[in-house]
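Throughout, protein chains are lettered first and strands after them, A, B, ... in sequence-line order, and every chain is numbered starting at 1. Reckoned from all heavy atoms, side chains included, excluding hydrogens, waters and symmetry mates.
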Number of protein chains: 2
Amino acid sequence: MQLNKKVNGTSWTSSREKEEGTEQKIIAAARGIFQRKGMAGARMEEIAKAAGINKALLHYYFRSKEKLFEVIMSEAKMQMLSRLHPILGGDDSLFIKIEKFVESYISFVTENPLLPGFILHEITMNPEKISEQLIKKGGRPNLSKFFQQVESEIKKKNIIAIQPEQLFMNMLSMCVFPFVGRPMLQTVLNVNDKKFNQLLADRKKEIPKFIINAIKR
Amino acid sequence: MQLNKKVNGTSWTSSREKEEGTEQKIIAAARGIFQRKGMAGARMEEIAKAAGINKALLHYYFRSKEKLFEVIMSEAKMQMLSRLHPILGGDDSLFIKIEKFVESYISFVTENPLLPGFILHEITMNPEKISEQLIKKGGRPNLSKFFQQVESEIKKKNIIAIQPEQLFMNMLSMCVFPFVGRPMLQTVLNVNDKKFNQLLADRKKEIPKFIINAIKR
DNA sequence: TGCACTATTAACCATTTGGTTAAACAATGC
DNA sequence: GCATTGTTTAACCAAATGGTTAATAGTGCA
């Protein structure tokens with residue numbers, strides 16, 4: 001029994017496939033269950049079963065619940081944050097950036113609707129730990145270019161005065177919150193799944209329009 | 001041993017105080033721990049300790065973890081939703097309503113910063129159950145008056161065309177999300193507690209300005 | 001074929017955890 | 001005072017849970 005599953009030079013087809021297959025099956029299962037139930041609510045047994053394996057094998061691949069959780073969480077944070085950089089750090093004009101960002105973020109979250117709630121909950125449970133990793137891993141997302149752009153547009157009187165942080169918060173809030181708060185919102189608004197999905201889809205265009213209206217001079 | 005702790009006619013000072021005291025201490029402790037750790041993460045032992053009592057006594061007052069949780073959760077939902085009615089159902093003009101609502105909601109959440117995350121998480125864990133109670137208890141919040149007002153202002157060309165649901169989502173998102181996502185936002189924005197609190201306070205004025213700008217013709 | 005190594009499992013273990021019991025301790029009514 | 005009723009506790013219990021062990025099966029290679 002040992003955990004070093006490095007792929008050595010040997011061509012080693014069937015075994016390798018099986019092994020990677022198992023590891024991937026575990027990760028997929030863990031992702032689903034951790035996202036749905038959170039660290040505290042997830043059960044190793046359940047993850048094993050969902051992966052079609054035995055609890056012992058789960059521990060064979062990932063020593064502990066915490067280790068497994070960290071794999072899932074770090075993957076999740078990476079996905080969530082890696083969307084910020086490329087668009088907000090790019091060379092587009094402010095308005096285009098806003099449009100692209102909202103479109104991209106909502107598309108992504110639509111594909112991974114449980115992700116934001118999962119991350120936000122776990123980060124709240126354990127701020128220090130998870131936040132510090134957040135910085136180490138991908139490096140803190142760099143919003144400075146976006147911020148400068150905002151300030152510059154304010155100076156040029158193209159948009160009204162607004163703190164860049166507030167603008168960013170508004171944008172992110174409107175993109176992410178409807179997913180985190182979906183069950184509550186759907187109840188309060190009294191709309192069915194189909195209608196709510198339509199509302200979410202509409203937001204790709206609605207939010208940028210809303211934001212730009214709000215800040216344009 | 002029995003759970004009927006109704007206050008009978010008898011004047012019954014010391015005993016009554018003690019009793020209510022204990023019950024309240026339990027609720028306060030449970031509130032704190034459930035909000036911080038969630039249903040799955042909370043431990044009865046810990047709640048008992050935080051209330052300065054014994055686990056058995058905890059079960060004496062509230063039969064089970066689930067029962068205790070329900071007390072806390074129903075209180076939480078009530079607090080969260082009861083803010084919607086009075087303002088959005090009132091007679092103010094649309095813009096005033098928006099101003100009042102944002103001001104009131106942010107003030108409230110500032111006093112109870114863990115509440116939204118707690119509710120949203122638990123409701124996500126268990127949508128059917130918690131949503132149906134949500135409706136029964138206080139009755140579904142009535143947004144129809146607010147929605148009619150929006151439609152009416154659109155017809156009168158006072159504001160641009162926007163689905164009332166989208167407007168409501170935007171408003172609620174901007175109010176609540178910064179609290180739910182605080183640890184993440186603070187890391188990403190790289191601001192200390194004081195600065196973040198200031199940003200939050202500013203939002204009481206910033207959000208209404210932002211929204212009204214966005215929709216005003 | 002047999003050796004070395006990995007993958008997988010069933011059975012097991014220690015701890016945690018929600019919940020219970022029986023007894024001690026007030027406080028009150030009579 | 002003493003029986004009654006409500007409050008509080010220490011000790012206990014069974015189930016759940018994260019984790020381990022030892023044995024088994026599978027695979028490449030000499």
Measure [atom1]/[X] against [atom2]/[N] and give the value in whole Å, please.
{"X": "K25(A)", "N": "dT8(C)", "atom1": "NZ", "atom2": "P", "value": "8 Å"}
{"X": "K37(A)", "N": "dT17(D)", "atom1": "NZ", "atom2": "C1'", "value": "14 Å"}
{"X": "I53(A)", "N": "dT6(C)", "atom1": "CD1", "atom2": "P", "value": "18 Å"}
{"X": "K49(A)", "N": "dT17(D)", "atom1": "NZ", "atom2": "P", "value": "11 Å"}
{"X": "L57(A)", "N": "dG19(D)", "atom1": "CG", "atom2": "C1'", "value": "14 Å"}

Return the set of residues passing ring pair (Phe, Tyr, Trp, His ring centres under 6.0 Å) with [X] (not counting sequence neighbours), or none when no residue passes.
{"X": "F34(A)", "answer": "F69(A)"}
{"X": "F179(B)", "answer": "none"}
{"X": "F101(B)", "answer": "Y105(B)"}

Check: Are any of Y61(B)'s side-chain N or O atoms less than 4.0 Å away from OP1 or OP2 of dT8(D)?
Finding: yes
Next item on the list: Would you please test K49(A) and E46(A) for salt bridge (charged side-chain N to carboxylate O under 4.0 Å, His left out) and show each step?
Entry: CA-CA 5 Å; K49(A) 202 182 259 179; E46(A) 202 187 352; over 6 Å; no
Notebook entry, point to check: Can you name the residues that form a side-chain hydrogen bond (donor to acceptor under 3.5 Å, both in side chains) with S104(B), not counting sequence neighbours?
Noted result: none
Notebook entry, point to check: Tell me, for nucleotides 13-20 of chain C in 5' to 3' order, what letter each nucleotide earns: B for a base near a protein heavy atom under 4.0 Å, S for only sugar-phosphate near one, - for neither?
Noted result: ----SBBB
Report, one line per pair, each donor and acceptor closer than 3.5 Å where one atom sits in a side chain of residues 109-116 of chain B; sequence neighbours left out.
residue : atom : partner : partner atom : Å
T110(B) : OG1  : I106(B) : O            : 2.6
N112(B) : ND2  : F108(B) : O            : 3.0

